[in-house]
Amino acid sequence: MRNRSRSQAVSASERDPLLHPSDLEELGKTIDREDDGGQSFDNVPQAKRQLGLTSVVFLIFNRIIGTGIFATPSLILKSSGSVGMTFVMWTLGALVAAAGTAVYVELGTGLPRSGGEKNYLEFIFRRPKFLMTCIYAMLALFIGFSSANAVVLGEYVMHAFSIEPNRVNTRLFGVFALTIGFLLHSLKLQWGLRLQNALGVFKLFVLLGIALCGLLCLAGIPGFNLDAERRPHNFDMERIWEGTRLDANSFVTGLFNVIWSFIGYSNANYALSEVRNPVRTIKRAAPLAIASITVVYMLVNVAYFAVVSKEEILGGGRTVAALFFRNLFGPATEKVCTLPLIKSPQVLSVIIALSTFGNVLAVMFTQGRVVQELGREGVLPYSSIFASNKPANAPFAGLLWQWSISTVVAVAPPPGDAYNFILNLSSYPLVVINAVITIGLLFLHTRAALDWEWEPPFRAWTPAIIFFLISNILLLVVPLVPPLPGFSPYEHLPYWLHVVVSLFIILLGAVYWAVWAVWLPKRGGYVLERDVVLQEDGVSRNVFKREAVR
């Protein structure tokens with residue numbers, strides 16, 4: 001790595017990346033990622049590293065598993081046409097998730113710092129200086145990642161209380177959930193982590209319980225056995241491949257839904273500066289989380305098809321999980337008096353609501369750290385505020401911003417197409433970023449990248465990186481292809497609208513860079529120079545100064 005003296009500032013025209021490990025040497029830090037598990041890579045107080053293996057596993061687990069596994073299987077069966085092809089699609093989705101996990105583990109062990117893709121874009125794409133950071137900043141700041149699931153949470157809570165969901169009560173409860181998450185993660189970090197982990201354990205046991213019930217049904221155990229008339233026979237050899245659809249549109253649509261069911265394997269990378277022994281931890285936690293999720297997904301699908309017929313899944317207007325409980329235990333068991341103040345809450349609605357709340361907490365936790373890292377990079381106005389860990393050793397300002405944007409996005413749009421548009425808008429930019437960083441990682445695996453000195457403690461298999469890139473190209477292209485009847489994301493809006501708006505936000509980032517880093521310096525006769533300072537809370541950040549051109 002190239003060394004620089006502490007007194008040197010960094011000009012905007014240099015090739016050096018914004019994130020360079022030699023910056024740490026300026027502050028007297030020793031970089032030995034393999035010996036100390038990456039803890040010396042980033043200049044943060046050791047007291048800030050409060051996440052262990054369990055918390056990191058559930059950051060990923062909670063981010064991936066929300067409402068999808070309770071409803072998505074019906075969409076996938078509709079696309080695949082048969083039970084057998086459904087499992088082929090789930091297997092392919094699991095392979096994509098494994099490849100994506102390998103990509104993010106390599107990047108995370110090579111740059112074990114909070115911020116995720118921000119760091120990787122900065123390190124790989126060094127010119128034009130600051131461009132990738134500005135683009136990523138626009139995406140991270142103005143897309144409410146927690147808003148969609150917060151409103152979904154409100155809907156299921158209303159169902160649980162036997163209250164008719166409407167635009168007001170679902171969104172008010174969604175804002176309430178966002179507020180609880182914000183207060184816990186910003187002021188009571190340990191309590192927020194405990195709740196987050198507890199919800200992860202809860203949903204794991206619930207899904208394993210569903211899987212076990214399905215397996216007991218298949219085995220014909222008394223109390224779980226269906227009579228001959230109700231037994232679906234989905235796994236009979238003469239029926240398992242019946243109705244298989246092999247046309248490209250159907251296959252791609254089904255695979256698209258499966259891949260999205262696994263999205264979230266990068267979630268721990270956004271908070272690596274707060275992980276104890278981040279290199280060792282991410283190498284263990286990410287594969288463990290994805291392996292657990294894959295096993296759970298497969299077993300739950302087996303359980304669904306063991307209890308619910310293919311015809312019921314395709315023709316029912318309810319979630320697959322609701323049909324599962326009804327068929328196995330009878331309609332009366334869908335409601336159980338478990339809380340004294342609630343009259344017969346729907347058990348499934350409670351389960352899905354708690355699962356969704358775990359997702360909201362995990363997303364808010366990590367996205368608040370992304371905003372903090374953008375503050376530490378110095379490209380945001382009032383960067384010192386966003387970079388701070390005050391007042392409770394947590395990124396209060398970053399979490400407050402994330403809460404504010406998520407609240408606005410949750411409350412403002414009218415129901416229907418507008419809300420579906422917001423949901424898709426929060427997802428598509430992630431695909432763009434995944435594709436770009438995967439191309440960058442492939443570049444780092446070539447001889448042309450020797451100057452980048454990329455020597456991570458873990459290296460992904462190059463064919464796996466290529467496979468992951470292909471999957472992301474698929475996710476980029478599918479929304480641009482006219483959808484099949486019944487699969488359109490909107491009723492009245494153009495199906496491609498969220499793609500265009502996502503690209504527009506990316507363009508805004510480029511415009512911000514052109515004004516802040518190019519036009520204003522030229523007009524003012526100065527260059528931007530960067531120095532690293534240590535804040536009062538022990539967290540380092542970049543400070544940009546205007547130096548007159550001589």
Side-chain angles (χ1 to χ4, degrees), residues 60-81 84-105 116-117 145 148-149 245-267 269 286-287 289-298 300-301 320 359 362-363 420 423-439 441 460 463-481 483-484 487-489 495-496 498-499 502:
I60 300 171
F61 193 90
N62 277 311
R63 172 62 181 88
I64 293 178
I65 298 182
T67 61
I69 189 57
F70 300 102
T72 302
S74 60
L75 297 175
I76 297 165
L77 177 61
K78 185 177 179 181
S79 299
S80 66
M85 184 55 67
T86 293
F87 281 97
V88 170
M89 288 183 176
W90 280 103
T91 301
L92 287 173
L95 291 175
V96 171
T101 300
V103 166
Y104 275 93
V105 170
E117 296 95 347
F145 290 95
N149 275 328
R245 302 179 65 174
L246 296 176
D247 60 285
N249 278 343
S250 298
F251 185 83
V252 168
T253 300
L255 189 59
F256 181 85
N257 283 295
V258 172
I259 292 174
W260 274 118
S261 298
F262 281 97
I263 289 295
Y265 34 78
S266 62
N267 203 44
N269 291 57
I290 295 302
S292 301
I293 291 166
T294 299
V295 171
V296 166
Y297 276 179
M298 292 299 186
V300 168
N301 273 280
V320 182
N359 180 278
V363 173
N420 292 333
L423 179 63
N424 291 323
L425 183 61
S426 67
S427 305
Y428 193 80
L430 178 61
V431 183
V432 178
I433 293 170
N434 277 347
V436 172
I437 66 166
T438 306
I439 292 171
L441 186 57
I465 302 174
I466 296 172
F467 179 61
F468 185 59
L469 176 60
I470 293 171
S471 72
N472 279 284
I473 292 174
L474 173 70
L475 293 176
L476 285 173
V477 172
V478 167
L480 295 173
V481 178
L484 293 171
F487 287 95
S488 178
Y495 62 88
W496 41 260
H498 59 280
V499 177
S502 298

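What you are looking at is a predicted structure, and each value in this text was computed from that prediction instead of being measured.
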If you take all heavy atoms of [X] and [Y], which pair is closest and at what distance?
{"X": "Thr86", "Y": "Ser80", "result": "OG1-OG, 2.8 Å"}
{"X": "Phe467", "Y": "Ala99", "result": "CD2-CB, 4.0 Å"}
{"X": "Ser427", "Y": "Trp260", "result": "O-CH2, 3.4 Å"}
{"X": "Leu425", "Y": "Ser502", "result": "CD1-OG, 3.3 Å"}
{"X": "Ser261", "Y": "Ile64", "result": "O-CG2, 3.2 Å"}
{"X": "Ile290", "Y": "Ala97", "result": "CG2-CB, 4.2 Å"}

query: If you measure only the distance, is there a donor-acceptor pair under 3.5 Å linking the side chains of Tyr104 and Asn434?
result: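 Yes, a side-chain donor-acceptor pair sits under 3.5 Å.
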
Quiz item: Any side-chain donor-acceptor pair under 3.5 Å between Asn149 and Asn359?
Solution: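 Yes, because at least one side-chain N or O of Asn149 sits under 3.5 Å from a partner of the opposite role on Asn359.
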
Item checked: Separation of Met85 CE from Leu77 CG (nearest 0.5 Å) ->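 Going from the CG atom of Leu77 to the CE atom of Met85 covers 12.0 Å.
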
Report task. Look up atom CG in Asn257 and atom CZ in Phe262, then write down how far apart they are to the nearest 0.5 Å. Result ->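 Those atoms lie 12.5 Å apart.
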
Member of Val296, Ile293, Val320, Asn301 meeting the side chain to side chain contact (heavy atoms under 4.5 Å, CB included) criterion with Ile69: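 Of all the options given, the one that passes is Asn301.
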
| task | Could you tell me whether a side-chain N or O of Tyr265 sits under 3.5 Å from a main-chain N or O of Ile60, the two making a donor and an acceptor? | result |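 No; zero donor-acceptor contacts below 3.5 Å.
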
Strictly by salt bridge (charged side-chain N to carboxylate O under 4.0 Å, His left out), give each pair with a member in residues 246-263 just once, sequence neighbours left out.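 Non-adjacent pairs meeting salt bridge (charged side-chain N to carboxylate O under 4.0 Å, His left out): Arg245-Asp247.
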
